Amino acid sequence: MTHLDITRRSFIVTTAAAGGGLMIGVAMSGPAHAAAGMKPNPWERPSDKAGQEINAWIVVDPDGTTTIRVGQSEMGQGVFTAMPMLVAEELHVDWKMVKVEYADGNRHVRNNNLYQRMSTGGSGAVRNSRVFLQQAGASARERLREAAAQAWSVPRDQVVAKDSVLTAGNRRGTFAEFATRASQVQLAQEPAIKQSGQFQLLGTTLARLDTPLKVNGTATFGADVKLPGMVHAAVKVVPVRGGKLKSFNFDAIKGRPGVIGAYALKPVDTHPLQTRVDEGVAVVADTYYRALTALNLLPIEWDLGPDVAQTTTAYKAKMAEALKQPGAVGRNDGDTIAAMKTAAKVVEATYYTGYDGHACMEPLNCTVHIAADRVDVWGGFQNPPGALAVVADHLGRQPVDVYTHTTFLGGGFGLRARNHEVRQAAEIARQVGNRPVKMMWTREEDTRHVRGRPAGMSYLRMGLDASGMPIAFYGRYAGHSAAAQNNPTSVANGLDLGSMNGIRDHRYKIAHNLMEGHIRNTNLHTQAYRAPGYEHNLWHFEQFIDEVALAGGKDPLQLRIDLTKDLPDWQMVLNTLKQKSGYRRDLPRGEGMGVAIGESFGSIIGMVAKVTVSRRGQLTIDKFDVVVDCGNLVTPAIVAHQMQSCVVWGVTDAVYRELTIDKGAIVEGNFDTYPLMKINQMPVVETHFALTGGNKWGGIGEPGCPPAAAALGNAVFAATGKRVRDRLINQTDLRWA
Amino acid sequence: MALSLTVNGRNYTVDVEPETPLLWVLRDNMGLTGTKYGCGIARCGTCTVHIDGQVARSCATQAAAAVGKRITTIEGLSPTSTHPVQVAWTELDVPQCGYCQSGQIMAAAALLAKRPRPTDADIDTEMELNLCRCGTYQGIRAAIHRAAAIAGGAR
Ligand code: FES
Ligand code: FES
C-alpha cells in the first residue's frame with residue numbers, strides 16, 4: 001500500500017498492487033491564469049493556424065500545438081481532460097501543447113461513424129473509448145516515427161518520440177516538422193497499445209483544460225448561444241402528461257413588445273416516444289424575458305386528458321397491491337421457497353422511493369437555425385449524432401445537411417441524452433422560418449416535464465440460518481418501467497430486468513435467490529438518470545442488508561466481507577473501507593456510522609457515512625469515506641471530484657426531495673419546493689482508491705451515487721434506531737431520547 | 001423604454017421594460033452571458049452579480065432599480081481572470097459542469113470583500129443560496145479559504 005497526500009487536493013491515493021501497476025497521483029496544478037485548452041465555443045477549432053491532421057483525432061499545427069478531438073460531451077465529468085490524456089499517453093505529445101475541440105457530429109455521420117462513439121452515458125466515456133483513443137494516439141506516434149525514420153534513413157525503432165520531439169542519435173525534429181509526412185505513411189501493421197503498468201501520463205492528476213473558461217464566465221453553454229438575428233422561444237407544455245392543447249388566444253399578447261408569434265406544439269404519433277414533442281405552446285420574441293412574459297399572459301385552454309386523477313398516494317397503493325402477487329421472474333437460482341422454509345429466522349421489509357428529476361442547473365434548451373441548404377443546431381447534447389438524426393427526421397432533411405455544434409453542458413446526468421428538447425426546438429424553428437431560434441425551458445418546466453428517475457417499491461425477505469448467515473433471498477419489485485414506455489416490445493412479458501438493477505444482480509454469496517418484478521407505470525415519462533435503477537434500488541437493498549446483519553447478530557460491515565469471500569476486488573474495497581473509515585458501532589447515541597457498497601458500470605464503490613443526530617432530530621452529515629475500485633485510473637483528482645458529486649447526488653435524493661403527483665401533474669416546481677443540497681449540508685468526502693488494475697476499467701460518473709444514500713440511511717439508523725424505508729429522511733421524525 | 005446602466009465600468013443604453021430583471025438585460029441585451037439563469041426566483045444563485053459591491057441576485061433585481069449603480073458581473077471581476085477567488089478556483093479545479101460557478105465566484109468574492117478571513121460558518125451563511133447540482137461544495141469551501149490566503153499575501 002502506498003499513501004500520498006496531495007498538496008491542496010483533498011483526497012488521498014491508496015494504491016494496492018493486485019496484479020496491476022501502481023497508480024500514484026501527482027499534483028500538477030496549472031498556473032493560476034492558465035490559458036484554456038479550448039475555445040469558449042468548444043465546437044470551434046482551438047487554434048487559428050492551418051494544422052496537419054494525422055488522423056481524425058489529431059491535428060498538429062506548425063508551432064507544435066496539437067489539437068485532440070473529443071467525441072464525448074463535457075458535462076462536468078472531465079472528458080475534456082481525460083479523453084485527450086488517453087490519446088496523449090500514446091502519442092507522446094508535450095501535454096502543454098495539447099488543445100481540445102469536440103469531434104464534429106456532421107463529419108462523424110458523413111463518414112460512417114468516424115469517431116466510433118459520440119454518445120455520453122452509462123459512465124462509459126473512458127471504458128468504452130479507451131482502446132480506440134489509445135490506438136489513435138499510438139498509430140499517429142508510429143507514423144511520426146516512421147516519417148522521421150524515412151527522412152533520416154534509420155530504422156523506425158531507433159527513433160524516439162517524446163514530448164512532441166523525435167530524436168535518433170544526434171538527429172532531432174519536432175512533431176510539427178514531420179506531421180505532413182506522417183499523415184501519408186502507410187504502416188504494415190498498427191502498433192499495439194500500452195497496457196496497465198506501462199502508463200506514464202495516465203494515473204497522474206493534470207489540471208483540467210476547461211477550468212479557465214469556467215472561472216471567468218466565458219464557457220459557452222447551450223443557454224448562452226448568441227447568433228445574428230436570433231430570436232428567443234419560451235415554452236409551456238400541457239401540465240398533465242397525456243393531455244392536449246385545445247386553444248390559445250394570440251390576440252391577447254400580439255401587441256406586446258418584441259413578440260413575434262405564438263405556435264402550437266403538436267406531437268406526431270409516428271415519432272418515437274422518446275423524442276416526441278409534448279403538446280404545448282411556444283411564444284417567440286426578440287428577448288427571452290419578453291417571450292416568457294407574453295407566454296405567461298397568453299390565455300391557453302388545455303384538455304387535461306385521461307390521467308387527471310393520478311396521485312402519488314394512489315400510485316403507491318397500486319405498487320403495494322402488486323407486491324402481494326408473484327411477478328415476472330428476473331432471477332431464480334437454487335430453491336428459494338424451500339430454503340426459506342428451513343430458515344431459523346426470516347427478516348422482511350418493504351422500501352419505497354418516489355420519482356426524481358435531474359435538475360441540471362442549466363434548464364433544457366436548444367438553438368436551431370433552418371436555412372435553405374442546411375440546418376444548424378447548437379446545444380448541450382449528450383448524443384450529438386442522435387440530435388442530428390432527430391433534426392433531420394423532423395425537418396425531412398438529409399442527415400449530412402444537419403450540423404451540430406455541441407456546447408458545454410450545464411449538467412447532463414442522462415437528461416440530455418435523448419434529444420426530445422431538440423425535436424421541440426426544431427419544431428418551433430420550423431414554424432418560425434429562416435432565422436436562429438433559441439428555445440429555453442423555465443426551471444418550473446424543467447422540473448415538471450423532466451423525464452427522470454422511476455419510482456419503485458421493493459418487498460425484500462431474507463432467510464437466515466441458526467448462525468445468522470443469510471441462506472435465501474426473495475425479492476419482489478414493483479415500479480415504473482422506462483422501457484415499458486420507450487420500448488414496449490423489450491418488456492412484452494412483463495419483465496424489465498433493468499428496473500431491478502441493484503437488487504436482482506447483488507453479488508453476495510447467498511445460496512438461493514428469487515427475484516420477481518411488476519411493471520406499474522403512471523402517466524409520467526421516465527428516461528435515463530444518473531445510475532438508473534441502481535440509485536434507488538441499492539438504497540433499498542443495502543439498507544436491507546444492514547437489517548439482515550443486525551437481525552442475525554452480525555456486524556454489518558463484517559457480514560458484507562463474509563458474504564464476498566470469493567470476490568477479491570470486493571474484499572479489497574471492503575477491507576480498505578474498514579481500515580480507512582475507522583468504522584465502528586460503539587459510538588454514543590446520536591452518532592452513527594453506516595456502510596454500503598455496490599457494483600455498477602464496471603466499478604465497485606464502498607462508502608461509510610458518519611452522522612450526528614441531535615435529540616431533537618436534527619441531522620448533520622459529518623463525513624463520507626469512499627473507496628473506489630475502478631480498476632485503473634485516468635486521473636485521480638477527477639475521480640475524487642466525481643465521488644463528491646455522487647455523494648451529493650445520492651444524499652440529495654434520499655434526504656431532501658421527491659417528485660410527487662397530484663391531479664396527474666408533478667406538484668413540485670422551482671427550488672423552493674424541489675430543493676437541492678446546499679453547501680452548509682455538505683459532508684467532508686474523502687476518497688481512497690483500492691485499484692485492482694489489470695484489464696479492469698470501470699466507470700466513474702454514476703457508480704458512486706447508489707451506495708451514498710444507503711450508507712447514510714444505515715448511519716441514521718445506527719445513530720437513532722430509526723430505519724427510513726419509505727420516505728425522505730428529512731420528512732422522518734429522527735428524535736431520540 | 002431606454003435605460004442607462006453601468007456594467008463592468010461601461011455604460012450601456014438598452015431598450016427594455018423597466019421591470020425586466022437585470023439578469024435578462026445582461027444576457028440578452030448586453031450579451032453578458034456569464035451570468036446564468038437557474039431559477040428566476042432568487043433561490044439558486046447562478047445569476048449572482050455585485051451591485052455597488054454587494055451581492056445581488058440579478059433575476060430578482062429590476063433593471064430600473066440598478067440605474068445609477070455600479071454593476072459588476074463575472075466578466076468584469078478581473079480583466080485578467082486573476083482575482084484571488086479565480087486564482088484559487090483554478091488551482092483547485094473547482095468547477096465541474098461550470099454552470100453555477102460564475103455565481104459561486106461572485107458570491108465568494110463579495111464574501112471575501114466583507115470578511116477577508118472567513119470561517120466555515122461564514123461560508124455556510126454567505127454561500128448557502130448558491131446551489132451546485134454537481135456537488136462542488138467541498139472544492140468551493142477549500143477554494144474560499146485558499147483565496148483568503150492568496151489575498152492575504154500567501155503564494
Ligand atoms: S436565477 Fe437568480 S437566484 Fe436563481
Ligand atoms: S459545477 Fe455544475 S452546477 Fe455547479
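Because only heavy atoms are used, hydrogens play no part in the values below, and waters and symmetry mates are left out as well, while side chains stay in. None of these values were measured; they are calculated from a predicted model. Residue numbering restarts at 1 for every chain, and letters A, B, ... go by the order of the sequence lines.
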Task: Qualifying salt bridge (Lys or Arg N to Asp or Glu O under 4.0 Å) pairs, either residue in residues 18-47 of chain B, two or more places apart - done: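 Non-adjacent pairs meeting salt bridge (Lys or Arg N to Asp or Glu O under 4.0 Å): A:Asp224-B:Arg27, A:Asp224-B:Lys36.
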Task: Pairs where residues 53-76 of chain B contributes a residue and the test salt bridge (Lys or Arg N to Asp or Glu O under 4.0 Å) is met, not counting sequence neighbours - done: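 Not a single pair qualifies under salt bridge (Lys or Arg N to Asp or Glu O under 4.0 Å).
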Heavy-atom pairs under 4.5 Å with chain B, option from [options] with the top count:
options                               : answer
A:Glu74, A:Lys438, A:Met677           : A:Met677
A:Met230, A:Met682, A:Met75           : A:Met682
A:Pro675, A:Ala223, A:Gly78           : A:Ala223
A:Pro257, A:Ala219, A:Gly669          : A:Pro257
A:Arg290, A:Gln681, A:Gln77, A:Gln642 : A:Arg290

For the pair [X] (side chain) and [Y] (backbone), establish whether a donor and an acceptor sit closer than 3.5 Å, ignoring hydrogens and angles.
X        : Y        : result
A:Thr211 : B:Thr90  : no
B:Tyr37  : A:Arg443 : yes
A:Gln644 : B:Gln138 : no
B:Tyr137 : A:Val648 : no

Task: Pairs of heavy atoms under 4.5 Å with chain A: top-ranked of B:Cys97, B:Ala121, B:Cys100 - done: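 Greatest number of close heavy-atom pairs with chain A: B:Cys97.
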Residue pair [X] / [Y]: nearest heavy atoms and the distance that separates them:
X        : Y        : result
B:Ser102 : A:Gly217 : OG-CA, 3.8 Å
B:Gln96  : A:Lys214 : O-NZ, 2.7 Å
A:Phe671 : B:Cys39  : CD1-CB, 3.7 Å
A:Val215 : B:Pro95  : CG1-CG, 4.2 Å
B:Asp124 : A:Ile679 : OD1-O, 4.0 Å
A:Phe221 : B:Tyr99  : CZ-N, 3.5 Å

Part of [X] lying under 4.5 Å from any heavy atom of chain B:
X        : answer
A:Thr287 : both
A:His358 : backbone
A:Met440 : side chain
A:Thr442 : both

Open item on the list: Counting C-beta onward and ignoring hydrogens, is there a side-chain heavy-atom pair between A:Glu362 and B:Thr46 closer than 4.5 Å?
Closed with: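 Heavy-atom side-chain distance check fails, nothing below 4.5 Å.
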Considering only heavy atoms, which portion of [X] lies under 4.5 Å from any heavy atom of chain A: side chain, backbone, both, or neither?
X        : value
B:Ile123 : both
B:Asn130 : neither
B:Leu131 : both
B:Val25  : neither

TODO: Decide if atom CD of B:Glu128 counts as having more than 12 heavy atoms of other residues, nucleotides or ligands within a radius under 6.0 Å.
DONE: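 It does: B:Glu128 CD has more than 12 such atoms within range.
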Open item on the list: Let me confirm one number: the OH-SG distance from A:Tyr289 to B:Cys59, rounded to the nearest 0.5 Å.
Closed with: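 Nearest 0.5 Å value for the OH-SG distance: 10.5 Å.
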Open item on the list: Please report the interatomic distance CG(B:Asp93) to NE2(A:His641), rounded to the nearest 0.5 Å.
Closed with: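 Nearest 0.5 Å value for the CG-NE2 distance: 6.5 Å.
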